[in-house]
Amino acid sequence: DTSSRYSKTRLYLESLMRRTPATDSAIHLGHQAAINLVDYQLQPTARALRLLRPRFLMADGVGLGKTVEVGVLLTELIRRGRGRRILVVAMKSILAQFQEELWGRFTIPLVRLDSVGIQRVQSKVPSSMNPFHYFDRAIISIDTLKNDVKYRQHLENCRWDVIVVDECQNVAMRTKGGRGQSSQRAQLAKLLATQCDSLILTS
């Protein structure tokens with residue numbers, strides 16, 4: 001059949017197939033990013049995709065590509081319709097680098113929020129609206145978010161598909177004299193763990 005209707009039908013079916021979310025644990029897009037891929041960087045994603053609600057720690061040596069591993073996993077979750085709302089929490093010193101890597105390599109845009117940025121959002125929306133509902137994909141520093149008085153209520157009333165906590169050793173519970181002390185950062189991490197479907201920790 002060389003008619004134009006046949007070509008249009010094939011194009012229509014192809015577009016439907018491409019829009020259909022994958023349901024298997026195979027990696028469909030993440031390996032095609034702007035990266036020099038090493039096989040071990042795909043292993044965390046392959047494992048996480050087998051889980052209904054991944055709770056995952058990526059613990060690698062410095063310079064082995066944890067950001068690449070996070071990007072591959074986020075790409076696959078987005079492809080499956082499980083990554084519409086993403087929050088990345090990181091130390092202030094690496095916010096720009098993390099944001100640039102995810103955009104430059106995986107075309108995942110994250111809006112960088114700091115206390116000034118959140119105040120700017122709050123000035124644009126009604127006072128009753130949660131500022132964290134304003135952007136679907138954001139990156140924010142741990143120290144901005146840990147302020148219980150300012151942000152806890154907003155965080156408690158906000159759900160995310162995926163939360164990434166980079167350098168999670170900074171939010172670990174500290175022990176002193178055999179007793180655990182819950183710092184503001186540790187309390188923040190506990191709260192965030194209850195507000196998402198997928199939790200990715202890197203260290």
Side-chain angles (χ1 to χ4, degrees), residues 21-22 24-114 132 135-146 155 158-172 185-186 188-203:
D24 58 2
S25 59
I27 295 172
H28 294 273
L29 289 177
H31 63 291
Q32 297 177 3
I35 53 177
N36 295 320
L37 193 65
V38 186
D39 286 344
Y40 73 83
Q41 293 173 328
L42 299 177
Q43 291 175 5
T45 299
R47 290 183 185 178
L49 291 177
R50 292 191 207 103
L51 304 172
L52 187 61
R53 295 184 69 215
R55 296 285 192 267
F56 216 78
L57 171 63
M58 296 178 182
D60 281 335
V62 175
L64 291 180
K66 290 188 291 290
T67 311
V68 168
E69 292 174 357
V70 169
V72 171
L73 179 51
L74 290 178
T75 300
E76 292 301 318
L77 290 174
I78 291 168
R79 173 73 175 85
R80 287 160 172 75
R82 295 165 55 188
R84 189 179 70 82
R85 285 183 48 77
I86 298 171
L87 176 67
V88 176
V89 182
M91 296 301 291
K92 188 175 183 178
S93 57
I94 57 172
L95 286 181
Q97 179 188 343
F98 204 103
Q99 182 186 28
E100 287 168 13
E101 289 260 324
L102 285 186
W103 172 247
R105 296 183 184 279
F106 299 95
T107 61
I108 299 174
L110 299 173
V111 176
R112 187 165 41 164
L113 294 177
D114 52 18
F132 295 114
F135 296 109
D136 280 338
R137 295 177 183 163
I139 184 167
I140 191 166
S141 84
I142 292 169
D143 291 323
T144 297
L145 268 193
K146 74 181 183 183
L155 287 172
C158 194
R159 293 285 304 171
W160 301 87
D161 294 323
V162 187
I163 292 180
V164 179
V165 180
D166 190 47
E167 302 295 341
C168 66
Q169 69 272 12
N170 293 306
V171 298
R185 288 178 177 178
L188 169 65
K190 256 183 162 177
L191 171 61
L192 291 176
T194 65
Q195 300 303 112
C196 62
D197 294 327
S198 302
L199 180 66
I200 305 168
L201 307 173
T202 73
S203 180

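Nothing fancy with the numbering, it's 1 onward along the sequence. All of these numbers come straight from a predicted model, not from anything done at the bench.
Taking 4.5 Å as the limit, every side-chain heavy atom of Leu102 sits out of range of all side-chain heavy atoms of Arg137. Taking 4.5 Å as the limit, every side-chain heavy atom of Thr144 sits out of range of all side-chain heavy atoms of Leu113. Contact annotation: the side chain of Leu192 approaches that of Val89 to within less than 4.5 Å [non-hydrogen atoms, C-beta and beyond]. Contact of the Ile86 side chain with the Ile78 side chain is registered, since non-hydrogen atoms from C-beta on lie closer than 4.5 Å. With contacts defined as side-chain heavy-atom distances shorter than 4.5 Å, the pair Leu73/Pro44 does not qualify. A 4.5 Å side-chain heavy-atom check between Leu49 and Leu77 finds at least one atom pair inside the cut-off. Using a 4.5 Å heavy-atom cutoff, the side chains of Ile142 and Met91 are in contact.
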Q) Is there a side chain to side chain contact (heavy atoms under 4.5 Å, CB included) between Leu74 and Ile200 once you walk through the steps? A) CA-CA 10 Å; Leu74 290 178; Ile200 305 168; 4.2 Å; yes
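Rounded to the nearest 0.5 Å, atoms CG (Asp143) and CZ (Arg185) are 4.0 Å apart. Remark: Glu100 CD to Ile139 CD1 distance equals 10.0 Å, nearest 0.5 Å. With rounding to the nearest 0.5 angstrom, the CD1 atom of Ile140 is 12.0 Å from the CD atom of Gln99. Distance CD/Glu167 to CD1/Ile94: 5.0 Å, rounded to 0.5 Å. One finds the CG atom of Leu201 at 10.5 Å from the CZ atom of Phe56 (value rounded to the nearest 0.5 Å). For the atom pair CE of Met58 and OG1 of Thr45, the computed distance is 5.5 Å after rounding to the nearest 0.5 Å.
A pairwise comparison of heavy atoms in Pro54 and Ala48 identifies CG-O, 3.5 Å as the closest pair. Annotation for Asp197 and Arg159: closest pair OD1-NH2, 3.2 Å, computed over non-hydrogen atoms. Across all non-hydrogen atoms, the minimal contact from Val72 to Phe106 is N-CE2, 3.6 Å. For the pair Asp161 and Gly83, the tightest heavy-atom approach, listed with the atom from each and the gap, is OD2-C, 3.8 Å. The minimum heavy-atom distance between Leu51 and Arg82, with the atom names listed, is O-NH2, 3.4 Å. Listed here is the closest heavy atom pair of Phe132 and Cys158: CB-SG, 3.7 Å.
Side chain of Arg85 to main chain of Cys196: no donor-acceptor pair is present (N/O by atom type, distance under 3.5 Å, no hydrogens or angles). Side chain of Ser141 to main chain of Ala90: no donor-acceptor pair is present (N/O by atom type, distance under 3.5 Å, no hydrogens or angles). Using modelled atom types, one side-chain atom of Arg80 and one backbone atom of Glu76 make a donor-acceptor pair closer than 3.5 Å.
Residues forming a side chain to side chain contact (heavy atoms under 4.5 Å, CB included) with Leu191 (at least two apart in sequence, or on another chain): Arg152, Leu155, Glu156, Thr194, Gln195.
Classification of Asp136 and Arg84 as a salt-bridged pair holds, one side-chain N sitting under 4.0 Å from a carboxylate O.
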